[in-house]
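Data first, discussion second: the structure below is written as structure tokens.
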Amino acid sequence: AAATAEDASALSARLISFGSYALNCHSPDADIDVLCIAPQHCTRADFFATGPDSFFARLVADASVTELLAVPEAYTPVLKFKMRGISIDMLFACMSAHKVLPSPPEAILS
């Protein structure tokens, strides 16, 4: 059976930019801060996993991604990498109260 839009929504995370980039007050060499908000079945361990089917492995396999560094033990755990030469800091949050994330993603923050 083909996956439905509901199935995709239940399995999807949301990406929200924040910091200087989101406020449109960044310099050309600034990084982009991104928060990855996942539904309850995704864990921090999943986000930082390094197995062959992991998000990390997909980033490693992407030729446009360089300087990939996972820092899961940091006070604010983060994936740091460059994509097409742009520095990105990606943080992770799990919404344990949501099987499916609210839409639009900004509704999560209100």
For S54, enumerate each residue passing the side chain to side chain donor-acceptor pair (under 3.5 Å) test, keeping only those at least two apart in sequence or located in another chain. none
Do any pairs count as a ring-ring contact (aromatic ring centres under 6.0 Å, His included) and have a residue in residues 49-71, sequence neighbours left out, and if so which ones? F47-F55
Donor-acceptor pairs are to be reported for all side-chain atoms of residues 75-88 against protein atoms at under 3.5 Å, with residues two or more places apart or in another chain.
residue, atom, partner, partner atom, Å
K80, NZ, D89, OD1, 3.1
K80, NZ, D89, OD2, 3.2

Pairs involving residues 43-53, ordered by first then second residue, that meet side chain to side chain donor-acceptor pair (under 3.5 Å) (sequence neighbours left out): T43-D46
Contact summary for C42 and F92, nearest pair of heavy atoms: O-CZ, 3.9 Å
Tell me the closest heavy-atom pair linking A57 and G51, and the distance in Å. CB-O, 3.2 Å
Any non-hydrogen side-chain atom of M90 less than 4.5 Å from a side-chain atom of I32? no
Under 4.5 Å between any side-chain heavy atoms of I16 and I37, yes or no? yes
Kindly indicate, with the supporting measurements, whether the criterion side-chain contact (heavy atoms from CB on, under 4.5 Å) is fulfilled by F18 and V34. CA-CA 6 Å; F18 65 98; V34 177; 5.6 Å; no
Pairs under 3.5 angstrom only: tabulate donor-acceptor contacts from the side chains of residues 59-68 to other protein residues two or more places apart or in another chain.
residue, atom, partner, partner atom, Å
D62, OD1, S64, N, 2.8
D62, OD1, S64, OG, 2.6

